[in-house]
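Here is the structure we will look at.
Read the numbers this way: they start at 1 and go in the same order the structure lists the ligands and their atoms. Excluded from the calculations below are hydrogen atoms, water molecules and symmetry mates; all remaining heavy atoms, backbone and side chain alike, are included. Since we're looking at a predicted model, the values are computed, not measured.
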Amino acid sequence: MSGAAGVAPAGLFITLEGGDGSGKTTQSQLLTDWLEQRGRTVLRTREPGGTEVGIAIREIVLHHRGEIAPRAEALLYAADRAQHVATAVRPALARGDVVVQDRYLDSSVAYQGAGRVLDGTEVRNLSLWAAEGLLPRLTILLDLDESAARGRLDAANKRFDRLEAEKSDFHGRVRDAFLALAAAEPERFLIVDAALPVEQIAAVIRDRVAALL
Ligand code: TYD
């Protein structure tokens with residue numbers, strides 16, 4: 001059904017990455033609308049929390065009050081990913097659908113690796129094990145400097161979750177890690193300046209995705 005581990009299935013797997021407040025949700029919605037207008041069936045989803053099990057894990061990783069040990073945190077995200085890929089993403093790709101997903105394994109490398117204390121390669125390998133090697137065809141990195149991102153989150157005036165509440169050097173390390181990941185795999189990544197107007201960003205993304213359809 002889902003094909004051999006690591007083999008790219010029939011559909012198209014697109015992920016959006018970037019810091020908190022970089023506009024991933026807005027862009028994934030616009031991209032989904034555009035794909036549906038073109039007649040594609042789209043699974044729009046996210047991590048953590050794309051499945052029932054994932055919603056329970058999301059509650060822990062984002063809102064648990066006490067300390068979560070770095071390896072425990074990495075394993076919780078990996079568990080969410082394993083469930084999500086096995087029960088939602090791979091079946092959708094096997095049907096030939098497009099999967100548009102907010103955050104995937106690059107978030108783990110950037111947040112649990114560079115942002116915290118774990119080795120990025122180990123975190124990546126843990127995620128690849130969890131996902132049986134599934135990598136996106138395209139990863140859109142919405143790159144925004146830390147002060148602009150913080151300004152957007154403040155303007156939205158919502159309560160910060162565990163990761164958003166981290167200090168700015170944490171978010172600076174996360175941003176640098178995303179840029180390093182993109183530089184290491186230029187054919188998978190599209191880096192977009194997230195300070196551009198929403199419509200302009202959407203147009204850049206559509207151009208790149210159109211070439212993959
Ligand atoms: P969410 O509210 O979905 O944030 P956003 O709208 O910015 O995507 O919260 C997800 C948080 O979880 C975000 O701060 C990044 C973090 N995260 C990790 O630390 N590791 C991961 O593997 C994933 C998928 C997310």
Does any N or O of ligand 1 fall below 3.5 Å from an N or O anywhere on [X], backbone included?
| X | value |
| --- | --- |
| Arg46 | no |
| Gln112 | yes |
| Tyr77 | yes |

Is the shortest distance from a heavy atom of Arg81 to ligand 1 less than 4.0 Å? yes
What do you reckon, does Leu62 put a non-hydrogen atom under 4.0 Å from ligand 1? yes
Does one side chain, of Asp33 or Gln29, offer a donor that lies under 3.5 Å from an acceptor on the other? yes
We want to know whether Glu17 and Ser107 form a side-chain donor-acceptor pair, criterion being a heavy-atom distance below 3.5 angstrom. yes
Name the residue from Val98, Asp97, Leu134 that meets the side-chain contact (heavy atoms from CB on, under 4.5 Å) definition with Phe13. Leu134
Atoms of ligand 1 under 4.0 Å from any heavy atom of Lys24, numbered from 1 in the order shown, are 5 (P), 7 (O), 8 (O)
Check for a donor-acceptor pair, side chain of Asp102 on one end and backbone N or O of Leu16 on the other, with a separation under 3.5 Å. no
Relative to atom 14 (O) of ligand 1, which among Thr15, Asp20, Asp80 owns the nearest non-hydrogen atom? Asp20
Asp20: which residues meet the salt bridge (Lys or Arg N to Asp or Glu O under 4.0 Å) condition with it, sequence neighbours left out? Arg103
Distance check, rounded to the nearest 0.5 Å: Ile60 atom CD1 versus Ile68 atom CD1? 7.0 Å
Could you tell me whether Arg58 approaches ligand 1 through its side chain, its backbone, both or neither, with non-hydrogen atoms closer than 4.0 Å? side chain
